[in-house]
Visitor: 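Once you've had a glance at the structure underneath, I'll fire off some questions.
Only heavy atoms go into these numbers, but all of them, side chains included; no hydrogens, no water, no symmetry mates. As the structure is a prediction and not an experimental result, all values here were calculated from the model.
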There are 2 protein chains.
Amino acid sequence: MDPAAGRREPTMRDVAALAKVSTKTVSRVINGLPGAGAEVVQRVRDAARTLGYRPNLTASALRRSDRRSATIGVLFEDLSNPFDAALLRAVEDRARHSGVLVLAGSSEDDHALQRELLVSLSARRVDGVVVMAAGGHQDALQHERQRGTPMVLVDRPPTFGGTDCVTTTNRDSSRDAVLHLAALGHRDIAFLGDRRTLWTSQERYTGYLEGLAQAGLTLRDALVRTDLHGEDLAADATAALFGLDRPPTALFTAQNLVTVGAMRVLRERGLHHRVAVIGFDDFPLADMLDPGITVVRQDVPGIGRKAADLVLARIDGDTSPPVHAVVPAALVRRGSGEIAPS
Amino acid sequence: MDPAAGRREPTMRDVAALAKVSTKTVSRVINGLPGAGAEVVQRVRDAARTLGYRPNLTASALRRSDRRSATIGVLFEDLSNPFDAALLRAVEDRARHSGVLVLAGSSEDDHALQRELLVSLSARRVDGVVVMAAGGHQDALQHERQRGTPMVLVDRPPTFGGTDCVTTTNRDSSRDAVLHLAALGHRDIAFLGDRRTLWTSQERYTGYLEGLAQAGLTLRDALVRTDLHGEDLAADATAALFGLDRPPTALFTAQNLVTVGAMRVLRERGLHHRVAVIGFDDFPLADMLDPGITVVRQDVPGIGRKAADLVLARIDGDTSPPVHAVVPAALVRRGSGEIAPS
DNA sequence: TCTGGTTACGTCAACGTTGACGTAGGAGTT
DNA sequence: AACTCCTACGTCAACGTTGACGTAACCAGA
């Protein structure tokens, strides 16, 4: 079953020898270029098939003037996160339709790892990268970008210039969510957010503030909890909120794991039908919970497609000014966000 | 910001010129090989840094005798499916620790697409592949394998010999699930399965039969529904079951989307606290539903790690006999599987 | 018949890197 | 003093492919 032992992959030279032509002619036939007669084309095709010849794209890229590897890098935070996975899938689909494959990696929101992966990608001469930037500084990204690598940031914009990015309507949709709650009569709306170093968290918090202000509500610091990385921290923070003298009647949970952690606590305390919840980011089965969870849903495939479109266009030499594409999110009403204050 | 315009990536030759040594010496320094004096090493390092030199792994692989690209291919059904995503993440982690990157693609359970992706991977000279085989014949996989490409199948075994694979305890865990239901007194246990062309579906069905037989229960054909690809088909099939004269008192749903579709119908009809359900494959929030869903949980990271270990070992020349690794799944009791018949 | 153009090939070198091998100089041994 | 051995380099060719360019054969038109 493993006949590779000792054997060599056939090359153009082997095909050329069998078809009794030059390697250049084989190259022409394989690449469908003109300059080969019908009979020669047939001979070469037959020889290639007989030998099981497969073109070597890396050697080809090395020699060609455009030097394209037809491969892009995708660096997300955690490929096992449903959001990242859906995004990867969208980028991959779009790339595949252009004959481009995807080298994928998880940066775990860690600068050192992100940097290391970036170097690995660049050693493999990817044509461009789509990156979800790790929080905090973006030195490695900026450095890579300045080397000329086509780059598109997703979910979070660059802190440096000259680079495309695709994000969603974090601020506006958050404001809308808060206004939706306020319209039901809620006056004590809590904010539960992810790590503050993340741009998305900041934007969603700003939207929350705008919502409060626009509805004429007072900001209560005690109702704002941030740096909730993961379900458990979110659950703890939620529990703490309900230890307050005047607990919130509604929650705006600004990330999906935070939403889940908060729901867990509400259910434990039997509050899930009395406290309103709107979460940012949809998640599977949100509609199957009791009550269904009202969420701000991002258009993840839309974001992925747009990011892929941008990076592929840059690779093709598009030099128009950098774009910050904003893909709209939408409020999906499922019940939890429609609970009025008691 | 895009200084690449017209500029060339620095090469070893450029570094060599600046450091006033030969390219071979640069190669030695970059690769940490002996044969370069301390002072020369320093000069080369400085020159490389000054020029922003990055080694070209593709050129290196082309020339080296081992010809390794330090890249493996991963071909799953759908990278946006949580199961596939978790698996990818596990493979990626393990590969990264060996300096190997992952080229990922979704085959959509389509032979033509799988074949096409396989060709794309092979053109990029990946060192090996981890594949979730599309249902039905595996001609393209077998062909690729026979060319000598190290290959590991996950989730579904090969229909041809000489190839490693990693699966879970589909049959035994299914049998245990059925026995668990039977022990509660259920006598009418329905089977709801995914496409019959999938090996996993067949195994789980066989386990279901073993469970019935071992519990001394009679198989009722009316309670067996297969080829339920996707939530909607599963929902329809579930609805049909409850139109029977003698409907089931328990469901064994053999795939996660099937489980979700079935639960949806049970909830609509207010049966979710009266009909027992055990699902194969865990899914996010299964514990948050009402009741919590009892599932057979696969050790997805375990499967991914094992698959990566195997393919990396083969790449390193391990020629021991092919392995079919079986990673145990476990029953997770959450409530839905512990409902007794009424 | 010669010129000019086109078609169908072939030859050669180069892409960036490294394996095989060569060599100059110094140290150690007899 | 002649020898081996080692270290620290350099030279050359090749990995599989393609761009630039050459050339032989043929056809059309004057």
Visitor: Just to be sure I understand the rule, does Arg67(B) reach a base, reach only the sugar-phosphate, or reach nothing, if contact means heavy atoms closer than 4.0 Å?
Guide: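 Here Arg67(B) touches the backbone only, sparing every base.
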Visitor: Toward the 5' end of DNA chain C, which comes first, Arg28(B) or Arg54(B), by nearest nucleotide?
Guide: Arg54(B)
Visitor: Can you see if the side chain of Ser27(B) gets near the phosphate of dT17(C) - specifically, an N or O under 4.0 Å from OP1 or OP2?
Guide: no
Visitor: Going by an N to O cut-off under 4.0 Å, is there a salt bridge joining Asp309(A) and Lys306(A)?
Guide: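 No.
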Visitor: Assuming nearest nucleotide by heavy-atom distance, tell me which of Ala36(B) and Ala59(A) is located more 5' along DNA chain D.
Guide: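 Looking at the nearest nucleotide for each, Ala36(B) comes out on the 5' side.
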Visitor: Can you tell me how far apart CD1 (Ile315(A)) and OG (Ser98(A)) are? Round to the nearest 0.5 Å.
Guide: 9.0 Å
Visitor: Under 4.0 Å between any heavy atoms, over every strand shown, what does Ser22(B) touch: base, sugar-phosphate, or nothing? Just pick one.
Guide: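 If one applies the 4.0 Å heavy-atom cut-off, Ser22(B) turns out to touch a base.
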Visitor: Which class fits the ring pair His111(B) and His137(B): parallel under 30°, tilted 30 to 60°, perpendicular over 60°?
Guide: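 Plane angle under 30°, so parallel.
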Visitor: Check if the side chain of Arg63(A) and the base of dT18(D) share a donor-acceptor pair of N or O atoms closer than 3.5 Å.
Guide: yes
Visitor: Which part of the nucleic acid, if any, lies within reach of Pro55(A) when heavy atoms closer than 4.0 Å are counted: base, sugar-phosphate only, or nothing?
Guide: sugar-phosphate
Visitor: Would you indicate what Ser60(A) reaches in the nucleic acid, counting non-hydrogen atoms under 4.0 angstrom: base, sugar-phosphate, or nothing?
Guide: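 Counting heavy atoms under 4.0 Å across all strands, the contact made by Ser60(A) is with sugar-phosphate only.
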Visitor: Look at all strands and tell whether Gly35(B) reaches a base, only sugar-phosphate, or nothing, counting heavy atoms closer than 4.0 Å.
Guide: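 Base contact.
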